[in-house]
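Read through the structure below, which is laid out as structure tokens, and then see the notes.
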Amino acid sequence: MKYTSVFDIIGPAMIGPSSSHTAGAAKIGLMARKIFNGQPRHIEVVFYRSFAKTYKGHGTDLALIGGLLGYGVNSPHLVQAAEHAAKLGLNIAITTSEEDVTHPNTVKITMANKNHRLTVVGISPGGGRAEIISINDFNIKISADNNFLIIFHFDRHGVIASAAKLLASEGINIGYMEVARKSRGSEALMTIETDQVIPERITKELKKIPHVTNVVVHNK
């Protein structure tokens, strides 16, 4: 494995015992909560491969739930995450699967409340890092360590150009961009990593673009 930083080896400041199975899982939970845009009331978690075998011993379930509650990787509340979720009346189901997936530290999270349902798939590559690789069956790649935008929209002429033009007008450089659609003219998803922090006013302007249904912003 190639390391790009000393933090890939020693990991971040965190509640232990494992950077990949604990800190990474907490970050996946935090990202999922942000993408859902609020506190889900019903949560279904499926752990795969290494996560499935060791999640109880490494506290991966507690870290993930803590992230879904909004707790950071170094929060002392992570160890009480299940109790806190129960007090809030959240309905959480955790299962494992033997389905073959690409990465050993993979989790699928389905979140719902009365009016909203969303499924994300996340991986923990190691060193406390976390990535979301799927949202509602759209294959994507966004990292907790980068600034990023997720723009939910319909596949219509001019949406992508309008978003890119708005970012450029504010001096925000796009480092990576990917667009996926389920079929021509239907639901689409735009993911953009940026070099600069994305101000709230930009988020508001992006939401005004015709055919955009929602915008999620993550500033590292």
Side-chain angles (χ1 to χ4, degrees), residues 26-44 64-73 88 90 107-123 129-220:
K27 286 185 179 180
I28 292 172
L30 279 167
M31 293 172 77
R33 175 189 172 94
K34 182 166 288 188
I35 296 167
F36 187 76
N37 196 28
Q39 179 64 69
R41 308 301 300 177
H42 304 279
I43 302 166
E44 299 172 12
L64 187 73
I65 293 169
L68 288 164
L69 291 175
Y71 302 156
V73 296
L88 291 172
L90 306 188
V107 59
K108 180 168 72 174
I109 311 165
T110 300
M111 301 162 285
N113 58 24
K114 187 176 180 180
N115 302 311
H116 185 36
R117 183 179 179 87
L118 185 139
T119 297
V120 304
V121 177
I123 63 171
R129 292 172 295 163
E131 297 175 2
I132 299 296
I133 60 170
S134 174
I135 300 176
N136 284 352
D137 295 325
F138 287 108
N139 293 324
I140 63 165
K141 183 179 179 180
I142 50 176
S143 169
D145 295 326
N146 296 321
N147 305 312
F148 64 76
L149 277 165
I150 304 172
I151 303 176
F152 297 83
H153 61 101
F154 286 98
D155 178 36
R156 299 289 191 276
H157 173 76
V159 176
I160 298 170
S162 296
K165 183 178 180 180
L166 177 60
L167 293 174
S169 70
E170 295 291 334
I172 296 174
N173 189 55
I174 295 174
Y176 172 83
M177 183 176 183
E178 184 175 6
V179 182
R181 65 182 183 181
K182 293 188 176 178
S183 62
R184 183 180 297 179
S186 67
E187 294 175 280
L189 190 68
M190 193 185 324
T191 54
I192 302 173
E193 290 186 355
T194 65
D195 295 336
Q196 292 79 24
V197 168
I198 304 152
E200 185 177 353
R201 70 178 185 279
I202 302 301
T203 307
K204 293 179 179 178
E205 292 301 316
L206 288 167
K207 289 179 178 179
K208 293 178 183 178
I209 296 174
H211 310 299
V212 168
T213 58
N214 192 26
V215 177
V216 174
V217 173
H218 171 80
N219 291 315
K220 64 181 179 180

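All heavy atoms count here, side chains included; hydrogens, waters and symmetry mates do not.
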Evaluate the side-chain proximity of H153 to I209: yes if any heavy-atom separation is below 4.5 Å, no if none is. no

Does some side-chain heavy atom of F138 sit less than 4.5 Å from a side-chain heavy atom of K182? yes

Least distance between heavy atoms, D155 atom then A188 atom: N-CB, 4.1 Å

Can you measure from NZ (K204) to CD1 (I202) and round to the nearest 0.5 angstrom? 11.0 Å

Which heavy atom of V120 sits nearest to which heavy atom of A32, and what is that distance? CG2-CB, 3.8 Å

Between atom CG of L118 and atom CD1 of I109, what is the distance when rounded to the nearest 0.5 Å? 10.0 Å

Rounding to 0.5 Å, atoms CD1 (I192) and CD (E178) come to a distance of 11.5 Å

Quick one, L189 and N136 - any side-chain contact, counting heavy atoms below 4.5 Å? no

Rounded to the nearest 0.5 Å, what separation is found between the CD1 atom of I35 and the CE atom of M111? 7.0 Å

So, the side chain of S143 versus the backbone of E131: is there a donor-acceptor pair under 3.5 Å, distance only? no

What's the verdict on side chain to side chain contact (heavy atoms under 4.5 Å, CB included) for I160 and M177, showing C-alpha distance, side-chain angles and the deciding distance? CA-CA 10 Å; I160 298 170; M177 183 176 183; 3.3 Å; yes

Smallest heavy-atom separation, G158 atom then S162 atom, equals O-OG, 2.7 Å

Please name the pair of heavy atoms, one in N219 and one in N147, separated by the smallest distance, quoted to 0.1 Å. CA-OD1, 3.4 Å

Would D145 and K27 pass as an ion pair if we require N to O under 4.0 Å? yes

Any I172 side-chain heavy atom under 4.5 Å of P199 side chain: yes

Are the side chains of V121 and V107 in contact, using a 4.5 Å heavy-atom criterion? no

How long is the straight-line distance from CD1 of I135 back to CD1 of I133, given to the nearest 0.5 Å? 11.0 Å

The reported gap from CD in E170 to CG in L166 (rounded to nearest 0.5 angstrom) is 6.5 Å

With a 3.5 Å cut-off and sequence neighbours excluded, list the donor-acceptor pairs that the side chains of residues 36-43 form with protein atoms.
from	atom 1	to	atom 2	distance (Å)
Q39	OE1	R33	NH1	2.5
Q39	NE2	L68	O	3.4
R41	NH2	L88	O	2.6
H42	ND1	N91	ND2	3.4

Take F152 and V215, measure what side chain to side chain contact (heavy atoms under 4.5 Å, CB included) needs, and give me the verdict at the end. CA-CA 6 Å; F152 297 83; V215 177; over 6 Å; no

Would you say H218's side chain and L149's backbone share a donor-acceptor pair under 3.5 angstrom? no

Can you see which heavy atom on R156 is nearest to which on S186, and at what distance? NH1-N, 4.4 Å

Would you call E44 and K108 a salt bridge, taking side-chain N to carboxylate O under 4.0 Å as the test? no

Atom NZ of K165: over 12 foreign heavy atoms under 6.0 Å: no

side-chain hydrogen bond (donor to acceptor under 3.5 Å, both in side chains) contacts touching residues 187-200 (sequence neighbours left out): N146-E193, N173-D195

Shortest non-hydrogen contact from V73 to A26? CG1-CB, 3.9 Å

